[in-house]
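Working notes, beginning with the structure itself.
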There are 2 protein chains.
Amino acid sequence: MSEQRQQATRRHTCERCPLRPLPIFRDFAESELDFVASFKKGELTAERGASVLIEGSHNAHLYTVLSGWGFRYKMLPDGRRQILNYVMPGDLIGLQGTLMGEMQHSVEALSPLLLCVFERNKLEQLYKCHPGLAFDITWLAAREEQMLDENLLSVGRRTALERAAFLIASLTMRAKAVGLNGNGAVGLPITQQLVADTLGLSLVHTNKTMRKLADRGLIRWRDRGCEVLDLERLREIAHSEFPEETKRPLV
Amino acid sequence: MSEQRQQATRRHTCERCPLRPLPIFRDFAESELDFVASFKKGELTAERGASVLIEGSHNAHLYTVLSGWGFRYKMLPDGRRQILNYVMPGDLIGLQGTLMGEMQHSVEALSPLLLCVFERNKLEQLYKCHPGLAFDITWLAAREEQMLDENLLSVGRRTALERAAFLIASLTMRAKAVGLNGNGAVGLPITQQLVADTLGLSLVHTNKTMRKLADRGLIRWRDRGCEVLDLERLREIAHSEFPEETKRPLV
DNA sequence: CGGCGTGTTGACCGCTGTCAAGGGCAGTGG
DNA sequence: CCACTGCCCTTGACAGCGGTCAACACGCCG
């Protein structure tokens, strides 16, 4: 019934989801797919630099990234900014705001961003009728928590060089897992200012740190992005576990 | 049937849960209480300094803190440690391990700790039969994520003094919310070494920072703990929002 | 052309880490 | 009752990592 209206506002049907066929995502049952399709209210696009979610606002929507990059951040009253994590295809955003009312962080698009929009209202039904999907949402929340743990360890205890290497390496691995830049060279659409705000460093010191990595031939900066040349050595410098990505749900 | 065995291993029945009457926790339906009671497998106690969960292990249990304090942390191969968050009565721990298999962080008792033990096996049934509880678990995961966001902002962008004030203030407020130290003076069972590992600072510098707070009459250190004297001014120094705690679930 | 965003560098300084030492207190064992 | 040990808080001296300030280069675009 409302199916047509929905069709009108979306260009990608769930049946032909460009993400779901990726090996990283677990298989969904027919009934689950059907529900997700009905759960999806429409699509939202955001240009580079646009705010998708804003700290302090009451946005009742839930989103899954279909394509593009973005980042989650918080700010202090005086303007200091801390990037909490990056989002890329397959990631769920807005859960905190949906569950607890007010957004406690913002999300901004790093590149043109395409989002599937889900409505809060149907979340109850999801929990009632599709425990598997409910479990998936919890799973995704736990995964986000895990990434935050790792970032906190990084900012709190790693040196500037280690932090930088860790950030670049982990973003690269996440990107690969969702099929971005499969053709060899991996390009991260980030600026050094973003990196600085992620690592808890100043812009200048970030630049000097990145320069070290570049001088060693591990990365290269070109037109608004970071090109990764030697993922293995970056991982070594970060000396982190990097547990291999297992199958995960895609809501 | 197994009721008796369960009784044997627990001293606190869910019906007479010492936590649930607190105003901070939402009311549970009869059926929910019944399920939680059956979900509870037993109790676990841990002495100060004991490890409850260990990074890298496969522990299939889920726990709710009944009484006592603890902390979650991660370590780097060379021994550097980062405390991610603290746990206190009403907090759920072990969710990451339960959902994703391997623990990516450890949990240690700060004081004698009493835990309710839940078994992973029944989690599926919880999601199937009690969507409200399933929702609660997701909610708790989102809350943890929110606290981590705030900690990351702190470690990444706040000065040493701000971080210290923020940590003390937020722990104090959390403690008050679950009825700890209701009689005026609030005592946090932490050492300066713990604080250092939480804030991403060295022990020495942490000491000098805490000294500043103490000299201003905001806190006082005595027998293995931190006594809070002026919560309001600590909050001012941290200049953070500190959204008031809303009702929350207690699984 | 001029403005803007972004990367790059040098100079300088201070916050924070490291090293070292000492004090108070509780527990323990002679 | 008194060493003795371990844990924790405290302080001073010194060094260095990283912040701040300032300038410049380069490409893009109105």
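In what follows, chains carry the letters A, B, and so on, assigned in the order in which the sequence lines appear, proteins first and then strands, with residues in each chain numbered from 1.
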Original post:
Which residues pass the side chain to side chain contact (heavy atoms under 4.5 Å, CB included) test with Arg211(A), sequence neighbours left out?
Top reply: Ala214(A), Asp215(A)
Original post:
Can you tell me how far P of dG7(C) sits from CH2 of Trp221(A), to the nearest Å?
Top reply: 6 Å
Original post:
First contact, last contact: which nucleotides of DNA chain D are these for chain B, 5' to 3', heavy-atom distance under 4.0 Å?
Top reply: dC7(D) to dA13(D)
**OP:** Figure out the CD/C1' separation between Glu227(A) and dG7(C), and round it to whole Å.
**Re:** 16 Å
Original post:
How long is the line joining CD of Gln192(A) and C1' of dT8(C), in whole Å?
Top reply: 8 Å
**OP:** Would you give a per-nucleotide map of nucleotides 17-23 of chain C, 5' to 3', where B means the base has a protein non-hydrogen atom under 4.0 Å away, S means only the sugar-phosphate does, and - means neither?
**Re:** SBB----
Original post:
If every non-hydrogen atom of Leu114(B) is compared with every non-hydrogen atom of His12(B), which pair is closest and at what distance?
Top reply: CD2-CE1, 3.4 Å
**OP:** Scan for ring-ring contact (aromatic ring centres under 6.0 Å, His included) pairs involving residues 71-90 of chain A, sequence neighbours excluded, and state none if there are none.
**Re:** Phe71(A)-Tyr73(A)
Subject >> Side-chain H-bond candidate by donor/acceptor type, Gln96(B) with Gln104(B), under 3.5 Å >> reply: no
**OP:** Nearest-nucleotide wise, let me know which of Leu161(B) and Thr191(A) is further upstream toward the 5' end of DNA chain C.
**Re:** Thr191(A)
Original post:
Quick one: ring-ring contact (aromatic ring centres under 6.0 Å, His included) pairs with a partner in residues 142-176 of chain A, sequence neighbours left out?
Top reply: Phe166(A)-Phe242(A)
**OP:** Describe the nucleic acid contact of Arg80(B) in one word from base, sugar-phosphate, nothing, applying a heavy-atom distance below 4.0 Å.
**Re:** nothing
Subject >> Residue list, side chain to side chain contact (heavy atoms under 4.5 Å, CB included) with Pro112(B), at least two apart or on another chain >> reply: Glu47(B)
**OP:** Take atom CG of Leu194(A) and atom P of dG5(C), then tell me their distance rounded to the nearest Å.
**Re:** 14 Å
Could you tabulate the donor-acceptor pairs under 3.5 Å formed by side-chain atoms of residues 216-223 of chain B, not counting sequence neighbours?
unit_1    : atom_1 : unit_2    : atom_2 : d
Arg220(B) : NH2    : Glu227(B) : OE2    : 2.9
Arg222(B) : NE     : Glu227(B) : OE1    : 3.4

Subject >> Where at least one partner belongs to residues 189-207 of chain B, residue pairs that pass salt bridge (Lys or Arg N to Asp or Glu O under 4.0 Å), sequence neighbours excluded >> reply: Arg157(A)-Asp197(B), Arg81(B)-Asp197(B)
**OP:** Could you tell me which residues satisfy ring-ring contact (aromatic ring centres under 6.0 Å, His included) with Tyr63(A), sequence neighbours excluded, listed by chain and number?
**Re:** none
Original post:
What bend angle does the helix from dC1(C)-dG30(D) to dG30(C)-dC1(D) show across its length, from five-pair end axes and to the nearest 10 degrees?
Top reply: 30°
**OP:** Find the distance Arg224(A):CZ to dG7(C):P and express it as a whole number of Å.
**Re:** 9 Å
Subject >> Listed partners of Thr209(A) passing side chain to side chain contact (heavy atoms under 4.5 Å, CB included), at least two apart >> reply: Ala160(A), Leu161(A), Ala164(A), His205(A)
**OP:** For Met147(B), check side chain to side chain contact (heavy atoms under 4.5 Å, CB included) against everything at least two apart and list the hits.
**Re:** Asn85(B), Arg143(B), Glu144(B), Arg174(B)
Original post:
So, is Asn207(A) near the phosphate of dG7(C), with a side-chain N or O under 4.0 Å from OP1 or OP2?
Top reply: no
